[in-house]
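This structure is a prediction, so every number in the text was calculated from the model and none was measured. When a ligand or atom number is given, it counts from 1 through the structure's own listing order.
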Amino acid sequence: MTIEASDLGGENVKVEFEDGIAWVKLNRPDKRNAMSVGLAEDMIRVLDALEIDDRAGVVILTGEGEAFSAGMDLKDFFRATDGGSDIQRMRAYRSTRAWQWRLLMHYAKPTIAMVNGWCFGGAFTPLICCDLAIASEDAVFGLSEINWGVIPGGVVSKAISTLMNDRKAMYYVMTGEKFGGKMAEQLGLVNEAVPADKLRERTVEIARVLLEKNPTVLRQARMAYKYVREMTWEESAEYLTAKADQTTFVDPEKGREKGLSQFLDTKTYRPGHGVYKREE
Ligand code: ACO
């Protein structure tokens with residue numbers, strides 16, 4: 001059964017499909033897309049559904065309105081769970097963890113964060129857990145927690161330590177100073193920062209490149225990269241050899257065979273010029 005895009009996201013998330021791209025928009029523009037418990041529950045449902053939806057070849061995560069996300073909702077996440085029972089609090093944290101990193105980190109579809117505006121605090125986690133990120137030069141980032149009397153918790157401190165160098169990360173954790181899109185690029189938080197009027201076009205351009213690739217091999221390559229980060233060299237070598245064999249085995253397109261044959265036998269393809277002829 002095909003689920004209508006409009007039925008997927010509930011109150012807090014908007015989903016749109018466009019030629020293989022699933023646009024997932026945090027949809028609380030009046031609250032600068034601050035992340036409430038309700039938003040977490042909607043995001044879990046959306047990501048679960050899109051992972052097995054053929055209309056979603058690539059998922060682009062962005063924000064409706066002028067913010068990517070103003071971080072954790074200080075009212076509907078922090079204050080709302082402060083007074084509740086320990087069990088309610090645990091459920092709220094579990095939902096947030098589930099989508100912000102557990103689902104996104106090892107998601108079956110390629111993900112791109114498109115940072116269109118404010119990106120504060122807790123928003124760094126989903127930003128970092130997407131495979132790629134493109135920001136508007138005008139976007140404003142901040143590890144503002146210190147100014148609220150809280151630490152970069154959830155899993156923000158861990159997330160930033162995977163991309164930022166220690167001196168830079170500590171500087172922003174300790175000062176809470178804001179920075180723009182170009183600085184986010186220099187810090188390695190995003191792949192590129194582009195002028196606001198080119199943001200969508202550039203993000204779609206990258207999504208289109210990904211959509212041309214063999215989806216099975218792309219998925220396996222992304223997973224392999226993410227898992228080996230935590231392994232020793234010896235473990236990585238063994239795992240990657242096994243993963244490569246598994247990829248060949250599960251690939252319905254038989255991409256390895258096709259690529260080799262097009263290069264060596266028919267001489268119709270050079271890997272330096274893009275993907276092998278997938279339809280052949
Ligand atoms: N939590 C809850 N509500 C928020 C949040 C938030 N993180 N951010 C914005 N809002 C709400 C405001 O309370 C306001 O609600 P109201 O209209 O009911 O009064 C609405 O969104 C609009 O906010 P403004 O401040 O009026 O919008 P403005 O465009 O002037 O500023 C900005 C946007 C800079 C993002 C500002 O709202 C802000 O500083 N937000 C907090 C950002 C932050 O530090 N987040 C980190 C939180 S800590 C953490 O994530 C762990």
Side-chain angles (χ1 to χ4, degrees), residues 9-14 25-44 61-84 88-105 113-130 133 135-164 168-184 187 189-190 193 196 199:
E11 268 178 39
N12 303 291
V13 181
K14 198 187 272 184
K25 296 183 181 172
L26 305 180
N27 190 27
R28 304 183 70 221
D30 294 349
K31 301 290 178 192
R32 306 299 179 261
N33 303 323
M35 296 178 288
S36 58
V37 180
L39 182 140
E41 287 163 358
D42 286 345
M43 277 303 297
I44 293 172
L61 177 67
T62 190
E64 188 65 36
E66 60 197 68
F68 176 68
S69 167
M72 297 315 298
D73 192 306
L74 297 156
K75 184 165 169 246
D76 289 338
F77 185 85
F78 280 164
R79 191 172 275 175
T81 56
D82 278 352
Q88 281 171 330
R89 195 160 177 264
M90 279 209 53
R91 281 173 66 80
Y93 277 80
R94 179 165 58 75
S95 321
T96 293
R97 287 174 189 167
W99 85 267
Q100 286 190 348
W101 60 276
R102 287 211 175 92
L103 273 167
L104 278 177
M105 180 77 87
M114 187 177 94
V115 186
N116 52 309
W118 307 109
C119 178
F120 282 110
F124 276 61
T125 303
L127 163 72
I128 288 169
C129 291
C130 284
S136 164
E137 288 175 1
D138 296 348
V140 176
F141 296 74
L143 291 165
S144 56
E145 288 90 337
I146 193 77
N147 298 324
W148 291 105
V150 299
I151 65 167
V155 77
V156 171
S157 290
K158 177 68 180 169
I160 57 173
S161 76
T162 64
L163 290 186
M164 289 168 84
K168 302 270 173 57
M170 289 294 279
Y171 179 83
Y172 289 107
V173 165
M174 292 165 73
T175 64
E177 191 177 295
K178 291 183 294 205
F179 53 91
K182 275 289 167 198
M183 180 56 85
L187 292 169
L189 280 169
V190 302
L199 180 64

Numbering as shown, the atoms of ligand 1 that approach [X] to under 4.0 Å (heavy-atom distance):
X: Gly121; value: 50 (O)
X: Ser144; value: 43 (C), 44 (O), 45 (N), 46 (C)
X: Gly71; value: 50 (O)
X: Asp30; value: 20 (C), 21 (O), 22 (C)
X: Glu66; value: 29 (O)

(request) Please lay out, stage by stage, how Arg28 and Asp42 fare under the test salt bridge (charged side-chain N to carboxylate O under 4.0 Å, His left out). (result) CA-CA 12 Å; Arg28 304 183 70 221; Asp42 286 345; over 6 Å; no

Within the structure, does [X] bring an N/O atom to less than 3.5 angstrom of an N/O atom in ligand 1?
X: Phe78; answer: no
X: Leu74; answer: yes
X: Glu145; answer: no
X: Phe120; answer: no

Atom pair [atom1] ([X]) and [atom2] ([Y]), whose distance is rounded to the nearest 0.5 Å:
X: Trp101; Y: Cys129; atom1: CH2; atom2: SG; answer: 8.0 Å
X: Trp118; Y: Arg32; atom1: CH2; atom2: CZ; answer: 8.5 Å
X: Leu39; Y: Asn33; atom1: CG; atom2: CG; answer: 7.5 Å
X: Ile146; Y: Met174; atom1: CD1; atom2: CE; answer: 8.0 Å
X: Leu189; Y: Ile128; atom1: CG; atom2: CD1; answer: 5.5 Å

For [atom], what is the nearest protein heavy atom, given as residue, atom name and distance?
atom: atom 48 (S) of ligand 1; result: Trp148 CD1, 3.9 Å
atom: atom 8 (N) of ligand 1; result: Ala70 CB, 3.4 Å
atom: atom 10 (N) of ligand 1; result: Lys31 O, 3.8 Å
atom: atom 6 (C) of ligand 1; result: Ala34 CB, 3.5 Å

Return yes when at least one protein heavy atom is under 4.0 Å from [atom], and no when none is.
atom: atom 36 (C) of ligand 1; result: no
atom: atom 39 (O) of ligand 1; result: no
atom: atom 30 (O) of ligand 1; result: no
atom: atom 25 (O) of ligand 1; result: no
atom: atom 13 (O) of ligand 1; result: no

(request) Can you establish whether the number of heavy atoms outside Arg91 located under 6.0 Å from its atom CZ is more than 12? (result)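 Counting neighbours around CZ of Arg91, 12 or fewer heavy atoms of other residues, nucleotides or ligands fall under 6.0 Å, so no.
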
(request) If the plane angle is over 60° it's perpendicular, under 30° parallel, otherwise tilted; pick one for Phe179 and Phe141. (result)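 Parallel.
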
(request) Between Lys178, Arg32, Met35, flag the one that comes closest to atom 23 (O) of ligand 1 by a heavy atom. (result)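 Among Lys178, Arg32, Met35, the closest heavy atom to atom 23 (O) of ligand 1 belongs to Arg32.
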
(request) Just let me know how Asp76 lines up against ligand 1, side chain, backbone, both or neither, with a heavy-atom cut-off below 4.0 Å. (result)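 Looking at Asp76 and ligand 1, no heavy atom falls under 4.0 Å.
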
(message) Would you say that Ser95 contacts Ile44 through its side chain, given a criterion of any heavy-atom pair below 4.5 Å between the two side chains?
(response)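 When only atoms from C-beta onward are counted, Ile44 and Ser95 do touch, with a gap below 4.5 Å.
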
